[in-house]
There are 2 protein chains.
Amino acid sequence: MDMNKNIKKKNCIVAQSGGPTVAINASLAGVIEGVRSSDCFDTVYGSLNGILGILDDRLMNLSECADADPSFLERLKHTPAMYLGSCRYKLPDYMDDDSVYNYIFSRFEKLDIGAFFYIGGNDSMDTVLRLSEYAERIDSDVRILGIPKTIDNDLMVTDHTPGFGSAAKYIASSLLEIAHDTFIYAVKSVTIVEIMGRDAGWLTAASVLARNSYSLAPHLIYLPETDFDPDLFLTDIRRLLTQYNNVIVAVSEGIHDAKGRYISAGESKEDTFGHSQLSGAGKALEYLVKDNINVKVRSVEINVLQRCAAHLASATDINEAFASGSRAVTFAEEGVTASMVTMLRTGNAPYCIEYSHARIKDIANEAKCVPLRWINEAGNDVTQELIDYLTPLIQGETSVTYQNGLPEYLSVAHLIQTEQKK
Amino acid sequence: MDMNKNIKKKNCIVAQSGGPTVAINASLAGVIEGVRSSDCFDTVYGSLNGILGILDDRLMNLSECADADPSFLERLKHTPAMYLGSCRYKLPDYMDDDSVYNYIFSRFEKLDIGAFFYIGGNDSMDTVLRLSEYAERIDSDVRILGIPKTIDNDLMVTDHTPGFGSAAKYIASSLLEIAHDTFIYAVKSVTIVEIMGRDAGWLTAASVLARNSYSLAPHLIYLPETDFDPDLFLTDIRRLLTQYNNVIVAVSEGIHDAKGRYISAGESKEDTFGHSQLSGAGKALEYLVKDNINVKVRSVEINVLQRCAAHLASATDINEAFASGSRAVTFAEEGVTASMVTMLRTGNAPYCIEYSHARIKDIANEAKCVPLRWINEAGNDVTQELIDYLTPLIQGETSVTYQNGLPEYLSVAHLIQTEQKK
């Protein structure tokens, strides 16, 4: 932007979109802090429920929030899910209908907006791409920047995504605790643990970090990057049951057979963005074992807590999410647009990250899967390279404060419709 | 026992049984510490896999473990599940067959045992009762003492049970985090959260603690102590959806209709002790809403982590579990037998507990449910009295140490069969 300090400062809008993570509010805090310490930008507005808040005129003045409460940013950093709310709104093709774009950029002009930050995953980067293309088309100088967040870790170019490290830490810790829960019985048993991750196996792979000096659980790990063979699976289970009393299996919700059919005991629907809604890979494997091997078996679905358990966040993740937000502001000041903030890993010993940016058109609508070279040949485990990649991301604990026995999070009263409350 | 210091000290055996909790190893640590500082007792042996370890001669010398590693007891206090393993073994009626009893008491004599401590829930107290009756029958002076533990909080006489407070804290924290996860969408939704508790609703009731100044979630709470009416439920959901975007329901796995039939989408089997194995009350309510109300709906099952997530234990619970264990040793020294350690609440402001003991025959094979006066008339919420009862039990956090990003627990290598491991 190369703004001169004498020129009137412009304002910013930030919004959040897609599914929740533990780190997305840390990125929001980073943007707010970035704008507060900026020479180019003045006020930062938050758009409620993603891009919809601009369309519906539901904006909140986040600079005022931070000014009014000195603890606001620190508490925001440790509050899970999305302080500004989310949406699953897909922008129409501007070639078909540019009225929505027209309205958004008229709002930008009205509010004297110099930069728009969208914190989100793959679908949200589609919105960043479309707004960037439209901005170029109308020769707007509003900087459009994406800030990555997704527990799925499936965004292109960036080494990893904010939100992933905390989910990975939650999953590995849960596997460790489930292993302790399982080991208590001398009776043979199989425990199937189903983990989120439709097309990319990063989250399921993170279960490997639960292994330690006394336990090799999870003994089998199945990612959606390879085909799942029920016969080989049963052979593996039978073999492991001769070695261990309690066999633990980590499985992605998205595993499929060689013909691409999902291994699932449940139904399948499609969401706004055309994804299949999966449930039941864990249940399906539970039934498979039950029907073929005479052994106690159960399945556990690691539920939505893998994306919202802020009490067990990775400090590395939260700090990187914050930095991604504040760097986005710096990049906008430097004139960067039509881009997403990226992290480049420059070393593992010691672990080191450099922040950069990449063109949004190289990122949006592409998914980064686990490289096949990081999965063992049998397709039932991951390699040491993948362990080395994952390990730094779950390091460190955050200082969650507790009030009356529960984690103390920032109020999201502004998201909860209460006008008709008694 | 009134032993004189000049008389040779006797030894003790301790074992754990039933389902895991976060606090049962703290009770074990309490027993070990109690014996270490005892004038009457010498060595404490741990029996692996409950009473089975005595039958199979799988005992470990816990006094030596504590002597060898100064951090052993502190780490044991914070390790989830059961360090000694568990069993679901039910002792036969000694009137039918006393050979097992004969063997157990011959082992007691051989090892010079003065006291046997069994840490467990309702089924384990049945074992304590049977051993106590047999001891009286053969005029044995071995003290038989039960130490309560169950996340279900359904043991008679005692104000509450060790293990419950941590599970309650995990459930309330999870509900709070799930609420944050839910509030992000402006689209109307219903979220059903299924919580453990077959016959007693204590754990489900604990979800009420998630309510705070900005959120009344869970908006509905259904316990198994009352009959569940699907029509009233749907009426409640419809009413709440006019007030809130996102309605959250906490439901016990054991809810049933007026005829006593479980509300369940799943199958039902029976375990060793004749209980029905339930699954699917949450799924059943999900389908009920889906079929009758045009709204986004999902169900979440709070999985086994509610009983093994030691990283989120209640400090009050862990401290009380430890004290219950050490008090059991004191009571045994005083000659108490055929009894279970109990906690009596003497005050709520400030919260105060006194440890005592009660006759095992007044406890075993009875279950303590939530009193009906602590459930509202509509059967869809709990009263302030129940909140006041629950609140002190989840207070305080434990100092879990982390290693390489994960909670550091004590090795349970002795429970894991590894002889054929490569």
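The model shown is predicted, which means the values in this text are computed figures rather than measured ones. Letters go in sequence order (proteins before strands), and every chain restarts at 1.
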Pair B:Arg88-A:Val187, side-chain contact (heavy atoms from CB on, under 4.5 Å): steps then yes or no: CA-CA 10 Å; B:Arg88 290 279 189 193; A:Val187 185; over 6 Å; no

What part of B:Tyr83 gets within 4.5 angstrom of chain A, counting heavy atoms only: side chain, backbone, both, or neither? neither

Which bit of A:Ile178 is near chain B, if near means a heavy-atom gap under 4.5 Å: side chain, backbone, both or neither? both

Can you give me the closest heavy-atom contact between B:Pro407 and A:Leu176, atom names plus distance? O-CD2, 3.4 Å

Hey, what do you get for OG (A:Ser173) to OH (B:Tyr409), rounding to the nearest 0.5 Å? 7.0 Å

Test A:Leu305 against B:Tyr170 for side-chain contact (heavy atoms from CB on, under 4.5 Å), laying out the working first. CA-CA 11 Å; A:Leu305 287 164; B:Tyr170 180 85; 3.7 Å; yes

Could you tell me whether the side chain of B:Asn303 and the main chain of A:Glu301 form a donor-acceptor pair under 3.5 Å? yes

For residues 398-405 of chain A, give me every residue with a non-hydrogen atom less than 4.5 Å from any non-hydrogen atom of chain B. A:Tyr402, A:Asn404, A:Gly405

Looking only at A:Pro20, A:Pro80, A:Ser86, A:Ala309, the option with the highest number of non-hydrogen pairs under 4.5 Å against chain B is A:Ser86

Residue, of B:Ala179, B:Cys87, B:Gly396, B:Gly165, that accumulates the most heavy atom pairs under 4.5 Å with chain A: B:Cys87

Structural part of B:Val412 lying under 4.5 Å from a heavy atom of chain A: both

For A:Ile416 against B:Phe183, the heavy-atom pair lying closest together: CD1-CE1, 3.5 Å

Which pair of heavy atoms, one from B:Asp181 and one from A:Cys308, lies closest together, and at what distance? OD1-CB, 3.7 Å

Nearest atoms (heavy-atom pairs only) where A:Ile184 meets B:Gly18: CD1-O, 4.1 Å

Could you tell me which residues in residues 311-319 of chain B have at least one non-hydrogen atom under 4.5 Å from a non-hydrogen atom of chain A, sorted by residue number? B:His311, B:Leu312

Could you walk me through whether A:Asn49 and B:Tyr185 pass the side-chain contact (heavy atoms from CB on, under 4.5 Å) test, one step at a time? CA-CA 7 Å; A:Asn49 294 112; B:Tyr185 291 115; 5.5 Å; no

What part of B:Leu240 gets closer than 4.5 Å to chain A, counting heavy atoms only: side chain, backbone, both or neither? neither

Is it true that a side-chain atom of B:Glu177 and a backbone atom of A:Ala310 form a donor plus acceptor pair closer than 3.5 Å? yes

